[in-house]
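Computed over heavy atoms, backbone and side chain alike; hydrogens, waters and symmetry mates excluded.
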Amino acid sequence: MQPHRPVLGTAFPAPPAPPDGLPTPQRYWAMATVLCGISLCVLDGTVMNLALPAVARDMHVGASEVIWVVNAYQVAILALLLPLARLGDLYGYRKVYLSGLALFTLSSLACVLSRTLPWLSLARAFQGMGAAGMFAINAALVRAIYPRLQLGRGIALNSAVVGIASVAGPSVAALVLSVASWPWLFAINVPLGLAVWWLGRRSLPGHRAADAALATPTAADGRFSLPDAALNIAMFALLFVGLDRLVPRAAQAADPAAPLQGAALLAAGMALGAWYARRQWHEAVPLLPIDLLRIPVFRLSMCTSIAAFAAQMLASIALPFLLLRDLGRSPGDAGLVLTAWPIATVLVAPLAGRLIGRIPDGLLGGIGLIALGAGLLALALVPAQPSNLALAWRLALCGAGFGLFQSPNNHTIVTSAPAARSGAAGGMLGSARLTGQSLGAALLALLFSPAFAAHVRAPALALALAAACAAGASVASLLRLKATAPGQA
């Protein structure tokens with residue numbers, strides 16, 4: 001009996017196409033998991049600011065020490081974003097996300113039970129590690145959940161929720177603290193975290209499904225280098241702590257060594273970073289994604305993001321000084337006027353999501369950043385006795401511009417990277433945001449130093465510098481119109 005031979009000219013059936021996103025209703029439940037998880041992480045980055053005086057009083061420590069309740073969380077996120085993104089690319093986004101969520105929830109319980117500052121700071125560091133797992137994988141999961149033609153809407157929805165959570169932090173903290181003590185800020189994470197973890201177990205795509213959707217490598221196609229991960233953690237920790245020591249605070253006013261210490265830590269971080277980058281240069285799949293930075297549109301998008309978030313951080317710190325100190329507004333009036341920015345962002349973000357794919361991301365982001373820069377410059381030149389309406393329209397212009405920029409920029413960062421590097425692209429997206437915010441804080445520290453603050457209106461100058469950063473970001477965004485990612489020419 002002769003073996004079966006194909007008839008000449010007969011076409012073999014094509015292999016089935018990989019799935020394009022998740023089917024409904026699984027897509028809705030999976031996206032709800034991602035949005036709830038990222039909301040918890042973002043809220044926990046801001047809710048503690050309002051509770052720091054109560055923590056310092058209960059634990060009998062000073063303001064300069066209690067700030068580490070916030071710093072420990074932020075340092076852990078920044079230092080672990082890229083290593084955890086690499087683990088997601090290798091072993092599955094679902095595993096890393098759910099593991100991070102579980103650690104975040106357990107660490108929240110540890111924060112509730114903490115009775116000393118070292119234990120609370122350590123628990124916050126572990127909480128930050130868990131949050132890093134969710135931040136690092138967030139963009140890659142959105143890419144796996146949504147069909148390619150609807151990815152812009154998914155990214156816009158994700159950006160809007162992050163924006164709302166960022167603004168809602170102080171309000172949530174005020175509401176909780178008005179009826180309960182500060183440990184309840186962490187206690188509410190426990191039932192919410194357990195519910196989101198249960199939902200994620202049933203809705204998030206498994207490793208094989210994500211592999212098929214994104215063509216990601218398996219563990220056999222790459223490796224995870226512990227020495228490189230340690231270098232990454234040390235570099236970002238030194239840079240963050242160094243920049244933090246330069247930020248002006250009342251608690252640091254009596255410490256003349258703070259600027260010198262900050263400069264020394266920054267220098268050590270940059271030296272270590274140079275060595276680390278050299279180690280990564282010839283790696284086929286580096287932990288520090290140098291391979292992605294070689295893609296022109298990705299590199300320009302990163303520059304756009306860093307400059308835009310530096311502008312946002314400069315404005316977010318300078319505006320309260322401008323309103324409260326220079327313009328004599330009450331805290332209530334200032335808080336009410338400032339809401340014009342986030343409200344405009346939330347309103348414009350869905351529009352930006354619908355425009356993705358119809359208008360080039362570089363043009364859409366460039367227009368948004370020009371509007372952001374114009375609003376910031378208008379705030380820097382505001383008259384001595386402006387009305388609330390005069391302030392509100394300037395803030396709304398800033399918020400609308402930021403909302404128009406963020407979703408298209410995130411879309412470009414996520415989609416210009418090869419599908420197999422979706423985790424690394426998401427890690428770089430988060431790193432760009434935190435790096436820009438840290439640079440903005442460092443620039444503000446310089447403007448608020450005695451050498452400048454005694455001779456100029458520091459808040460107005462900070463807003464003018466923020467406008468310059470936004471202008472630089474718009475140039476980088478518009479340059480993307482001439483740059484293409486692999487496969488997008």
**Q** Kindly list each side-chain donor-acceptor pair under 3.5 angstrom involving residues 189-202, sequence neighbours excluded, with atom names and distances?
**A**
| from | atom 1 | to | atom 2 | distance (Å) |
| --- | --- | --- | --- | --- |
| Asn189 | ND2 | Asp44 | OD1 | 3.0 |
| Asn189 | ND2 | Asp44 | OD2 | 3.1 |
| Asn189 | ND2 | Ser108 | OG | 3.3 |
| Arg202 | NH1 | Trp198 | O | 3.3 |

**Q** Can you measure from CZ (Arg433) to CD1 (Ile413) and round to the nearest 0.5 angstrom?
**A**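 The distance works out to 11.5 Å.
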
**Q** Which residues pass the side-chain contact (heavy atoms from CB on, under 4.5 Å) test with Ile359, not counting sequence neighbours?
**A**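 Partners of Ile359 under the side-chain contact (heavy atoms from CB on, under 4.5 Å) test: Leu355, Leu363, Leu364.
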
**Q** Tell me, please, which residues at least two apart from Ser159 pass side chain to side chain donor-acceptor pair (under 3.5 Å).
**A**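 Once residues adjacent in sequence are excluded, the partners of Ser159 under the side chain to side chain donor-acceptor pair (under 3.5 Å) criterion are Asn410.
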
**Q** Does the side chain of Cys41 come within less than 4.5 Å of Tyr73's, by heavy atoms?
**A**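 With C-beta onward as the side chain, the pair touches.
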
**Q** Looking at residues at least two apart in the chain, or sitting in another chain, which of them share a ring-ring contact (aromatic ring centres under 6.0 Å, His included) with Phe405?
**A**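 Testing Phe405 for ring-ring contact (aromatic ring centres under 6.0 Å, His included), a comparison that skips the adjacent residues, returns Phe402.
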
**Q** State which residues pass side-chain contact (heavy atoms from CB on, under 4.5 Å) with Ala187; sequence neighbours excluded, sorted by chain then number.
**A**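 For Ala187, the residues satisfying side-chain contact (heavy atoms from CB on, under 4.5 Å) (neighbours in sequence not counted) are Val112, Trp184.
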
**Q** Answer whether the closest heavy-atom distance between the side chains of Leu372 and Leu369 falls below 4.5 Å.
**A**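 Sidechains of Leu369 and Leu372: in contact.
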
**Q** With rounding to the nearest 0.5 angstrom, report the CE to OG distance, Met134 to Ser99.
**A**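 That separation rounds to 11.0 Å.
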
**Q** Tell me, yes or no, whether the heavy-atom count around Arg294 atom CZ, taken from other residues, nucleotides or ligands under 6.0 Å, exceeds 12.
**A**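 Buried by this count: over 12 neighbours within 6.0 Å.
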
**Q** Can you name the residues that form a side chain to side chain donor-acceptor pair (under 3.5 Å) with Ser477, not counting sequence neighbours?
**A**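 Residues passing side chain to side chain donor-acceptor pair (under 3.5 Å) with Ser477: Arg480.
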
**Q** Applying side-chain contact (heavy atoms from CB on, under 4.5 Å), run through Trp182 and Asp58 and close with a yes or a no.
**A** CA-CA 10 Å; Trp182 64 262; Asp58 291 351; 2.9 Å; yes

**Q** Any non-hydrogen side-chain atom of Ile77 less than 4.5 Å from a side-chain atom of Gln74?
**A**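 They are not in side-chain contact.
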
**Q** Just how far is it from atom CZ of Arg421 to atom CE of Met428, taken to the nearest 0.5 Å?
**A**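 It is 9.5 Å, given to the nearest 0.5 Å.
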
**Q** Check whether any side-chain N or O of Ser316 sits under 3.5 Å from a backbone N or O of Met313 as a donor-acceptor pair, and report yes or no.
**A**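 Side chain of Ser316 to backbone of Met313: a pair is present.
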
**Q** Only pairs at least two apart or in different chains count here, so list each ring pair (Phe, Tyr, Trp, His ring centres under 6.0 Å) that has a residue in residues 411-434.
**A**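 Listed by first then second residue: nothing to list.
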
**Q** After noting the C-alpha distance and the side-chain angles of Asn409 and Asp361, does the key distance pass the side chain to side chain donor-acceptor pair (under 3.5 Å) rule?
**A** CA-CA 6 Å; Asn409 193 71; Asp361 290 350; over 6 Å; no

**Q** So how far is it from Thr435 OG1 to Phe309 CZ, rounded to the nearest 0.5 Å?
**A**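 Output value for this atom pair is 11.0 Å.
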
**Q** Sequence neighbours excluded, which residues qualify as side chain to side chain donor-acceptor pair (under 3.5 Å) partners of Trp341?
**A**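 For Trp341 there are no side chain to side chain donor-acceptor pair (under 3.5 Å) partners, ignoring immediate neighbours.
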
**Q** Applying salt bridge (Lys or Arg N to Asp or Glu O under 4.0 Å), name anything that partners Arg279, two or more places apart in sequence or on another chain.
**A**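 Expected list: Asp228.
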
**Q** Distance from Arg86 atom CZ to Leu287 atom CG, nearest 0.5 Å?
**A**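 CG of Leu287 is found 7.5 Å from CZ of Arg86.
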
**Q** Please examine the side chains of Leu266 and Leu238, heavy atoms only from C-beta on, and report whether any two atoms are closer than 4.5 Å.
**A**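 No, too far: nothing below the 4.5 Å cut-off.
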
**Q** So, for Ala340 and Ala392, which heavy atoms are closest and what is the spacing to 0.1 Å?
**A**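 Distance-wise, the nearest heavy atoms are CB-O, 3.6 Å.
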
**Q** Return all side-chain donor-acceptor pairs below 3.5 angstrom for residues 31-38, not counting sequence neighbours, or 'none' if the list is empty.
**A**
| from | atom 1 | to | atom 2 | distance (Å) |
| --- | --- | --- | --- | --- |
| Thr33 | OG1 | Trp29 | O | 3.0 |
| Thr33 | OG1 | Ser203 | OG | 3.3 |

**Q** Taking all heavy atoms of Val348 and all of Gly403, pick out the closest pair and write down the distance.
**A**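 Nearest heavy atoms, Val348 then Gly403: CG1-C, 4.1 Å.
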
**Q** Side-chain contact test, heavy atoms from C-beta onward, threshold under 4.5 Å: evaluate it for Ser305 versus Leu429 and give yes or no.
**A**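 Sidechains of Leu429 and Ser305: no contact.
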
**Q** I need the minimum non-hydrogen distance between Ala371 and Leu397, along with the two atoms involved.
**A**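 Scanning both residues completely, I find the closest heavy atoms to be O-CG, 3.5 Å.
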
**Q** Check whether Arg27 reaches the backbone of Leu22 with its side chain - one donor and one acceptor, N or O, closer than 3.5 Å.
**A**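 The answer is yes, because a donor-acceptor pair under 3.5 Å joins these two groups.
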
**Q** Donor-acceptor check, side chain of Ser178 to backbone of Leu175, threshold 3.5 angstrom: yes or no?
**A**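 Between the backbone of Leu175 and the side chain of Ser178 there is a qualifying donor-acceptor contact (under 3.5 Å).
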
**Q** What I'd like to find out is whether the side chain of Val42 reaches to under 4.5 Å of the side chain of Phe135, using heavy atoms alone.
**A**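 With C-beta onward as the side chain, the pair touches.
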
**Q** Rounded to the nearest 0.5 Å, how far does OH of Tyr93 lie from OG of Ser422?
**A**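 Ser422 atom OG to Tyr93 atom OH measures 4.5 Å (nearest 0.5 Å).
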
**Q** Compare every heavy atom of Pro320 with every heavy atom of Ala315, then report the nearest pair and how far apart it is.
**A**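 The answer is O-CD, 4.4 Å.
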
**Q** Show your reasoning for whether side-chain contact (heavy atoms from CB on, under 4.5 Å) applies to Arg124 and Trp68.
**A** CA-CA 9 Å; Arg124 283 283 282 172; Trp68 275 100; over 6 Å; no

**Q** Before you tell me yes or no, could you show the steps for Leu78 and Leu239 under side-chain contact (heavy atoms from CB on, under 4.5 Å), namely the whole-Å CA-CA distance, both residues' side-chain angles and the distance that decides it to 0.1 Å?
**A** CA-CA 10 Å; Leu78 183 59; Leu239 292 174; over 6 Å; no

**Q** Over all heavy atoms of both residues, which pair between Met302 and Leu293 is shortest? Give the atoms and the distance, please.
**A**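 Nearest heavy atoms, Met302 then Leu293: CG-CD2, 4.1 Å.
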
**Q** What are the two closest non-hydrogen atoms of Ser416 and Val297, and how far apart are they?
**A**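 It is CB-CG1, 3.5 Å.
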
**Q** Is any side-chain heavy atom of Ile137 less than 4.5 Å from a side-chain heavy atom of Leu84?
**A**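 Result no, sub-4.5 Å side-chain heavy-atom pair not found.
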
**Q** Go through the steps to decide whether Leu81 and Asn232 satisfy the test side-chain contact (heavy atoms from CB on, under 4.5 Å), and finish with yes or no.
**A** CA-CA 9 Å; Leu81 272 174; Asn232 185 88; over 6 Å; no

**Q** Do any N or O atoms from the side chain of Ser107 and from the backbone of Phe104 form a donor-acceptor pair under 3.5 angstrom?
**A**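 Between the backbone of Phe104 and the side chain of Ser107 there is no qualifying donor-acceptor contact (under 3.5 Å).
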
**Q** Going by the rule side-chain contact (heavy atoms from CB on, under 4.5 Å), which residues pair with Arg153 if we only count those two or more places apart in sequence or in a different chain?
**A**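 Partners of Arg153 by the side-chain contact (heavy atoms from CB on, under 4.5 Å) criterion come out as none, since no residue qualifies.
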
**Q** Compare all side-chain heavy atoms of Ile295 with those of Arg299 and state whether any distance is below 4.5 angstrom.
**A**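 No, too far: nothing below the 4.5 Å cut-off.
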
**Q** List the residues meeting side-chain contact (heavy atoms from CB on, under 4.5 Å) with Leu288, not counting sequence neighbours, and say none if there are none.
**A**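 Leu82, Tyr276, Ala277, Gln280, Ile290.
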
